[in-house]
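Predicted model only: the values in this text are computed from it and were never measured.
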Amino acid sequence: MKNCILLFTSALLLALFPACNNAANEAKQDAETLSQYVDSVNQTTPEYTNAYWAAIDRGYQARLTELKATESALSEADRKTLEESKDQYETMKVAYTAKIKEAKDKNNANDYRQILRNSLFGQGKMGSDMQFNYVNAENILSVYDNFVNTVADKKNTYTREDWDEIKVLYEALDTRKNEVEKDLASKDNLKIAKLKIRFATIKALNRGGSKGTENRKAKDN
C-alpha cells in the first residue's frame with residue numbers, strides 16, 4: 001500500500017511538472033510580447049494626437065490582458081523585466097499626454113490667429129505666411145479701411161496677445177504699402193495717412209489698457 005502511494009505521488013508530480021513548466025514558458029512569452037511592444041512603440045516616430053495614442057494604448061491593454069492570465073507563473077527575473085517595461089510605458093504615456101496637449105494648444109493658438117487675420121483682412125485672404133500679394137495700389141485703401149474699422153469696433157475685446165498680433169500684421173501691411181506706393185493715387189495715400197493716425201490713436205489708448213486690465217486680473221487671482 002505504501003509503495004502504491006509513493007508511485008501515485010511520483011506519477012502526479014511527473015504530470016504536474018510539464019504543466020508548470022508550460023505555464024512558466026507561456027508567461028515568459030506573454031511578458032516578452034508586452035516588452036517588445038513597448039520597445040517598438042518607443043522606437044516608432046511619434047504622432048502626437050489623441051487618436052494615435054488611443055491606438056497605442058489599445059495594443060498595450062490587449063497584451064496586458066493576455067499576460068494577466070499567466071503572470072503568476074513568471075520567474076522573479078522575468079517579473080522584474082516586466083515591471084521595467086510597465087514603468088517605461090507609463091513614462092511614455094506621460095510624455096505623449098504632455099506633447100498632445102502642447103500640440104493642441106499650438107493648434108488652438110494658430111486657429112485663433114487665423115480668425116483674427118480673417119476679421120482684419122477678409123476670409124482666407126491672409127494666411128500664416130503673411131503674404132500680401134493680393135494687395136495692390138487699387139485696393140490697398142479698402143484693406144486699410146477694413147483693418148482700422150475692425151480694430152476700432154473690437155478694440156475693447158482684444159487681449160494683450162491680440163494687440164501684439166495686430167501690431168505685427170499692421171507693420172506687414174505698411175511694408176506692402178511701401179512696395180505699391182509708387183502706383184498709389186494721391187487721394188488714396190492721403191486717406192490712408194488719416195487711417196494710420198486713427199489706428200495709432202486707438203492702439204495707444206487701448207493696447208496699454210488691455211495690458212493693465214490683464215495685470216490687475218492676474219493680481220486678483
Side-chain angles (χ1 to χ4, degrees), residues 45-54 92-221:
T45 302
E47 181 182 326
Y48 297 119
T49 64
N50 285 321
Y52 186 79
W53 176 253
M92 276 197 303
K93 182 177 180 179
V94 170
Y96 264 85
T97 301
K99 288 290 187 179
I100 289 169
K101 183 180 184 303
E102 182 182 322
K104 184 178 180 180
D105 290 344
K106 184 177 180 180
N107 287 335
N108 288 342
N110 289 337
D111 288 344
Y112 185 72
R113 287 191 180 95
Q114 188 59 55
I115 292 171
L116 185 62
R117 294 186 194 109
N118 289 342
S119 71
L120 294 171
F121 296 106
Q123 187 68 33
K125 289 188 175 180
M126 174 60 59
S128 59
D129 55 3
M130 304 262 297
Q131 293 297 313
F132 282 86
N133 296 331
Y134 79 96
V135 177
N136 53 47
E138 285 70 38
N139 66 13
I140 194 168
L141 173 59
S142 65
V143 174
Y144 267 100
D145 189 63
N146 182 76
F147 188 103
V148 175
N149 284 330
T150 300
V151 170
D153 291 341
K154 299 183 177 181
K155 61 183 184 294
N156 294 323
T157 67
Y158 292 141
T159 65
R160 178 179 58 186
E161 288 74 18
D162 293 334
W163 282 110
D164 290 343
E165 181 71 10
I166 289 168
K167 179 176 180 291
V168 170
L169 293 169
Y170 182 77
E171 290 172 350
L173 178 58
D174 272 352
T175 298
R176 180 58 176 170
K177 176 180 178 294
N178 294 335
E179 294 171 355
V180 303
E181 194 160 11
K182 64 181 183 297
D183 299 318
L184 188 60
S186 298
K187 61 178 182 177
D188 288 348
N189 207 352
L190 183 60
K191 290 177 181 178
I192 289 173
K194 292 179 179 179
L195 288 169
K196 287 167 68 69
I197 293 171
R198 185 184 178 203
F199 173 77
T201 303
I202 295 169
K203 186 181 71 171
L205 293 175
N206 293 275
R207 189 181 180 204
S210 177
K211 286 182 179 179
T213 300
E214 290 182 9
N215 288 337
R216 285 195 298 272
K217 287 181 178 179
K219 288 180 180 179
D220 291 340
N221 293 333

A.B. asks: My understanding is that only one of Y158, Y170, F199 makes a ring-ring contact (aromatic ring centres under 6.0 Å, His included) with W163; could you say which?
C.D. replies: Y158
A.B. asks: Holding to side chain to side chain contact (heavy atoms under 4.5 Å, CB included), I want the full list of residues that pass it with A98, two or more places apart in sequence or in another chain.
C.D. replies: none
A.B. asks: Run the side-chain contact (heavy atoms from CB on, under 4.5 Å) test on K167 and E171 for me, step by step, so that the C-alpha distance in whole Å, both residues' side-chain angles and the decisive distance to 0.1 Å come before the verdict.
C.D. replies: CA-CA 6 Å; K167 179 176 180 291; E171 290 172 350; 2.7 Å; yes
A.B. asks: For residues I100 and Y52, determine if any side-chain heavy atom of one lies less than 4.5 Å from a side-chain heavy atom of the other.
C.D. replies: no
A.B. asks: Got more than 12 heavy atoms from elsewhere within 6.0 Å of NZ, K196?
C.D. replies: yes
A.B. asks: When rounded to the nearest 0.5 angstrom, what distance separates CD1 in I202 from CG in D153?
C.D. replies: 9.0 Å
A.B. asks: Enter the distance from I115:CD1 to D162:CG here, rounded to the nearest 0.5 Å.
C.D. replies: 10.5 Å
A.B. asks: If the condition is side chain to side chain contact (heavy atoms under 4.5 Å, CB included), which residues does S142 pass it with, not counting sequence neighbours?
C.D. replies: N139
A.B. asks: What do the steps show when you test L120 against M126 for side-chain contact (heavy atoms from CB on, under 4.5 Å), and what is the final call?
C.D. replies: CA-CA 9 Å; L120 294 171; M126 174 60 59; over 6 Å; no
A.B. asks: Classify the side-chain pair D174/Y144 by whether it contains a donor and acceptor separated by less than 3.5 Å.
C.D. replies: yes
A.B. asks: Measuring from atom CZ of R198 to atom CG of D145, what distance do you get when rounded to the nearest 0.5 angstrom?
C.D. replies: 8.0 Å
A.B. asks: Mind checking the CD-CG spacing from Q123 to N118? Nearest 0.5 Å is all I need.
C.D. replies: 4.0 Å
A.B. asks: Between W53 and K93, is any pair of side-chain heavy atoms under 4.5 Å apart?
C.D. replies: yes
A.B. asks: To the nearest 0.5 Å, what is the distance between CD on E179 and CG on N136?
C.D. replies: 12.0 Å
A.B. asks: Taking the side chain as C-beta and beyond, is there a heavy-atom pair between V151 and N206 under 4.5 Å?
C.D. replies: no
A.B. asks: Would R117 and K125 satisfy side-chain contact (heavy atoms from CB on, under 4.5 Å), going step by step from the backbone distance to the final call?
C.D. replies: CA-CA 8 Å; R117 294 186 194 109; K125 289 188 175 180; over 6 Å; no
A.B. asks: Would you please test Y96 and E47 for side-chain contact (heavy atoms from CB on, under 4.5 Å) and show each step?
C.D. replies: CA-CA 9 Å; Y96 264 85; E47 181 182 326; over 6 Å; no
A.B. asks: Pairs under 3.5 angstrom only: tabulate donor-acceptor contacts from the side chains of residues 183-191 to other protein residues two or more places apart or in another chain.
C.D. replies:
residue : atom : partner : partner atom : Å
N189    : OD1  : K177    : NZ           : 3.2
N189    : ND2  : E181    : OE2          : 3.1

A.B. asks: Just so I know, are the side chains of S119 and K154 near enough to count as touching, which here means a heavy-atom distance under 4.5 Å?
C.D. replies: yes
A.B. asks: What's the separation between atom CD1 in I140 and atom CZ in F132, rounded to the nearest 0.5 Å?
C.D. replies: 8.5 Å
A.B. asks: Measure centre to centre between the rings of Y134 and F121, then say whether the value is under 6.0 Å.
C.D. replies: no
A.B. asks: Considering non-hydrogen atoms only, spot the tightest contact between L141 and L195 and give its length.
C.D. replies: CD1-CD1, 4.0 Å
A.B. asks: Determine whether more than 12 heavy atoms belonging to other residues, nucleotides or ligands lie under 6.0 Å from atom NZ of K155.
C.D. replies: yes
